[in-house]
Student: 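Here you go, one structure.
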Protein chains: 2
Amino acid sequence: MKVTIKDIAREAGVSVTTVSRVLNNKVDVSPKTRQKVLDIINKLNYNPNSIARGLVMNKTYTIGLIVPDISNSFFAEIAKAIEEEIRSYGYSVIFCNTGNDKKRERESINLLKSKQVDGLIGAFSNASKEEIIALNKSGFPVVQIDRLVEDSQVPSVVVDNTVSGYLATEYLIKKGHKRIAHISGSLDTNTGIRRAAGYKKAMLENGLVVEEDLIIEGDFSQESGYQAMMQIMEENKDLTAVFAGNDMMALGAYRAIYDLGLKIPEDISIIGHDDFTLASLVRPALTTMQQPIYEIGELAARVLIDMLKGRKNKEPLIVVNTRLVERSSVKTIH
Amino acid sequence: MKVTIKDIAREAGVSVTTVSRVLNNKVDVSPKTRQKVLDIINKLNYNPNSIARGLVMNKTYTIGLIVPDISNSFFAEIAKAIEEEIRSYGYSVIFCNTGNDKKRERESINLLKSKQVDGLIGAFSNASKEEIIALNKSGFPVVQIDRLVEDSQVPSVVVDNTVSGYLATEYLIKKGHKRIAHISGSLDTNTGIRRAAGYKKAMLENGLVVEEDLIIEGDFSQESGYQAMMQIMEENKDLTAVFAGNDMMALGAYRAIYDLGLKIPEDISIIGHDDFTLASLVRPALTTMQQPIYEIGELAARVLIDMLKGRKNKEPLIVVNTRLVERSSVKTIH
DNA sequence: AACGTTACCGGAAACGTTTTCAATATCATT
DNA sequence: AATGATATTGAAAACGTTTCCGGTAACGTT
């Protein structure tokens with residue numbers, strides 16, 4: 001049923017080679033026959049088979065994208081950026097959702113390689129570290145986003161969470177706060193560790209003490225933010241501000257504070273991290289560190305494209321900056 | 001560099017055919033040679049080329065997904081559901097983001113067909129109506145989500161927005177409200193039209209009058225919800241409730257009401273539609289009509305799988321129900 | 001008229017698989 | 001030992017493209 005290049009050739013009375021030539025805008029075909037072929041193509045509604053083409057050219061114009069959770073707005077936004085950028089170069093993207101499952105992550109890598117993708121972008125966990133490094137060493141184009149496999153020489157685009165955590169905390173300090181708590185993200189993720197490290201660094205460098213019971217570990221979820229906030233408030237009545245490891249937890253903290261009958265920012269100031277959609281929508285609007293999410297996706301795509309084109313990228317590590325977005329959840333203390 | 005089935009065959013001292021057989025778990029190969037081949041495969045780290053396989057089998061085990069905006073949580077969640085469901089059947093998904101651009105929508109369809117996807121799931125606009133219908137008629141597996149191309153016989157899974165709008169409005173009425181406004185979504189989308197129709201039907205059937213200046217058209221965006229609410233309040237001081245065409249606009253209405261110095265639900269009750277993530281996070285928590293988003297994706301995937309397996313689906317239209325989620329944004333009037 | 005260029009075209013191999021068909025090896029049965 | 005059945009194997013075609021290499025036609029130059 002499917003119309004192939006052979007059908008076109010037969011119908012137009014030319015060889016397959018010639019049809020291929022007009023398909024690819026090659027020279028060596030007269031205007032007349034080109035037109036004739038074009039007409040037939042149109043008439044028969046012919047659509048070239050990329051699979052066959054991919055087989056001979058050893059190139060599929062498809063890349064793979066591996067994310068833990070596409071329904072997480074962070075990754076959804078990145079996916080969008082990648083798709084739009086890479087499409088403009090004629091590529092499309094197959095995406096795999098791992099659900100943070102290491103096994104599925106490895107399966108996905110194999111699946112995508114099997115599907116002959118030309119390159120890979122992913123937020124990989126440390127579990128796939130060797131695989132990624134091997135891939136990269138073998139010359140296969142991979143770029144990492146968000147998460148960092150260290151000392152690996154595999155191109156990555158990430159934010160520097162240490163300085164971002166530092167900046168957030170420093171902002172609070174500059175606003176006059178001294179008793180500042182931190183609700184950290186999971187401390188088995190680089191992200192969580194780094195932001196906490198930035199918090200400590202800022203405290204120390206500004207002559208404040210870091211008290212261990214002012215740091216509570218959450219897991220980036222709203223509920224964990226709520227619990228952490230409750231726990232902190234129980235023991236530290238004199239607290240004036242908290243830096244939440246992400247906006248989701250900040251929102252949990254919001255709820256806890258309301259439930260305690262307190263007000264933001266009058267009683268407690270809060271700064272978050274990420275600037276997800278809700279941050280500007282919630283009341284009081286959340287002051288937070290904005291990640292340039294779309295830019296991360298765009299950059300990752302661009303780096304990959306460079307590699308696909310065989311261009312050597314000099315700097316494997318691209319660090320993008322977060323930006324403080326001042327809204328209404330932090331008050332100045334005099 | 002890439003190791004192929006031929007390399008395995010040579011190394012194992014058997015034919016390509018035999019290797020193919022063990023690859024596909026066919027009978028007709030002795031345990032001894034099977035093991036030998038398996039060993040070599042393992043040693044050489046061989047990964048079959050799906051592209052080549054796809055060419056001969058005329059099946060790629062890949063489907064296409066076309067959405068207007070993957071960074072919209074609704075579609076992100078659907079994408080996740082589809083990927084997870086369809087992966088369990090051995091398929092993967094290429095996704096295209098159209099940005100609501102009709103041209104890109106058509107391009108995407110062609111691209112995906114060119115990549116020989118086995119099927120297509122999409123939230124298509126009316127612009128691609130003929131194309132979708134033609135595809136379906138030709139026997140190519142397509143299923144529509146969210147948006148409905150009417151009278152087309154192409155399998156769709158959608159919510160019935162008319163009854164959903166009806167239910168939302170009816171709830172308000174049952175709570176004792178009489179002066180109820182509606183901030184509609186864009187009235188050039190079926191979704192917007194239907195929900196508004198449901199609103200009117202509920203009003204009429206309950207003996208209330210529908211006043212045209214109590215219906216204001218928004219465009220599903222937060223800002224439009226804000227503007228619409230402001231406009232309504234200017235002219236209708238005696239209003240007690242509003243049904244917002246989606247949660248995003250409900251949030252805009254929240255802001256407007258706060259800016260007016262009024263309180264929810266004491267002064268004005270609000271019901272939304274969709275139950276997106278923020279709905280439960282915002283204060284007061286938003287009462288809304290919940291769409292079973294994950295289920296929509298799952299069902300769409302399942303319907304497609306059925307078609308891929310050649311099973312004939314009897315009922316082209318699958319309607320899923322929305323569910324009222326009562327929270328704190330509507331008060332009872334006595 | 002002979003030759004050299006240039007423009008245009010086609011045959012066939014190749015890409016990495018699956019599958020059809022036929023061939024061979026093995027073994028039990030007589 | 002011959003036969004038949006069964007288990008195991010391989011050669012080659014096919015899938016729909018691109019590309020290499022060569023060939024013919026047309027035309028201008030000498």
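Chain A is the first sequence line, chain B the second, and so forth, proteins listed ahead of strands; every chain is numbered from 1.
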Student: From CD1 of Ile8(A) over to C1' of dT18(D), roughly how many Å is that when rounded to an integer?
Tutor: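 The answer, rounded to whole Å, is 16 Å.
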
Student: Could you tell me how far apart Lys6(B) (NZ) and dT18(C) (C1') are, to the nearest whole angstrom?
Tutor: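 For the pair Lys6(B) NZ and dT18(C) C1', the rounded distance is 13 Å.
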
Student: Please produce a list of atom pairs where a protein N or O lies less than 3.5 Å from an N or O of nucleotides 7-9 of chain C.
Tutor:
unit_1: dC9(C); atom_1: OP1; unit_2: Thr33(A); atom_2: OG1; d: 3.3
unit_1: dC9(C); atom_1: OP2; unit_2: Ser30(A); atom_2: N; d: 2.8
unit_1: dC9(C); atom_1: OP2; unit_2: Thr33(A); atom_2: OG1; d: 3.0

Student: NZ of Lys36(B) versus C1' of dT9(D): gap in Å, rounded?
Tutor: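 For the pair Lys36(B) NZ and dT9(D) C1', the rounded distance is 12 Å.
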
Student: Search all heavy atoms of Val142(B) against all heavy atoms of Pro155(B) and return the closest pair with its distance.
Tutor: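 For Val142(B) versus Pro155(B), the nearest heavy atoms are O-CD, 3.6 Å.
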
Student: Quick one: does any side-chain atom of Arg21(B) pair with a main-chain N or O of Val29(B) as donor and acceptor, under 3.5 Å?
Tutor: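 Not a single qualifying donor-acceptor pair exists.
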
Student: From the set dC15(D), dA12(D), dG16(D), return the single nucleotide nearest to any side-chain atom of Thr17(B).
Tutor: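 Of the candidates, dA12(D) comes closest.
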
Student: If I take atom OH in residue Tyr61(B) and atom P in nucleotide dT17(C), what distance separates them, rounded to the nearest angstrom?
Tutor: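 Taking OH of Tyr61(B) and P of dT17(C), I get 16 Å after rounding.
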
Student: Verify side chain to side chain donor-acceptor pair (under 3.5 Å) between Thr189(A) and Ser186(A), making sure each step is shown before the conclusion.
Tutor: CA-CA 6 Å; Thr189(A) 68; Ser186(A) 327; 5.0 Å; no

Student: Which part of the nucleic acid, if any, lies within contact of Ser20(B), taking any heavy atom under 4.0 Å across all strands shown: a base, the sugar-phosphate backbone alone, or nothing?
Tutor: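 Here Ser20(B) touches the bases of the nucleic acid.
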
Student: So, for Ser50(A) and Ser114(B), which heavy atoms are closest and what is the spacing to 0.1 Å?
Tutor: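 Ser50(A) and Ser114(B) have their closest heavy atoms at OG-OG, 2.6 Å.
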
Student: Just by distance, no angles: are the side chains of Gln144(A) and Ser156(A) close enough, under 3.5 Å, to form a donor-acceptor pair?
Tutor: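 Present: a donor and an acceptor within the cut-off.
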
Student: When the distance from CG of Asn24(B) to C1' of dG16(C) is rounded to whole Å, what number comes out?
Tutor: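 Taking atom C1' of dG16(C) as the reference, CG of Asn24(B) is at 13 Å.
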
Student: Let me know the distance between NZ of Lys2(A) and C1' of dA14(D), rounded to the nearest Å.
Tutor: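 From Lys2(A) NZ to dA14(D) C1': 16 Å.
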
Student: Taking side chain to side chain contact (heavy atoms under 4.5 Å, CB included) as the test, write out the residues that go with Gln116(B), two or more places apart.
Tutor: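 Partners of Gln116(B) under the side chain to side chain contact (heavy atoms under 4.5 Å, CB included) test: Lys2(A), Asn49(A), Ile51(A), Thr60(B).
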
Student: Looking at the side chain of Lys26(A), which of dT19(D), dT18(C), dG16(D) is the nearest nucleotide?
Tutor: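 Closest of the options to the side chain of Lys26(A): dT19(D).
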
Student: Just the rounded figure in Å: distance from C1' of dA12(C) to CD1 of Ile5(A).
Tutor: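 Nearest whole value for this atom pair: 14 Å.
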
Student: Distance check needed: dT18(C) C1' versus Asn58(B) CG, whole Å only.
Tutor: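 Distance, rounded to whole Å: 12 Å.
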
Student: Give me the residues of residues 40-54 of chain B where at least one heavy atom lies under 4.0 Å from an atom of DNA chain C, by number, or none.
Tutor: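 Within this stretch, Tyr46(B), Pro48(B), Asn49(B), Ala52(B), Arg53(B) sit under 4.0 Å of the strand.
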
Student: To the nearest 0.5 Å, how far apart are OH in Tyr91(B) and CG in Leu111(A)?
Tutor: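 One gets 13.0 Å once the value is rounded to the nearest 0.5 Å.
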
Student: Is a side-chain donor or acceptor of Arg10(A) paired with a backbone partner of Val16(A) at a separation under 3.5 angstrom?
Tutor: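 Answer holds: no.
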
Student: Classify the side-chain pair Thr62(B)/Lys115(A) by whether it contains a donor and acceptor separated by less than 3.5 Å.
Tutor: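 There is such a pair (donor and acceptor under 3.5 Å, judged by atom type) between the side chains of Thr62(B) and Lys115(A).
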
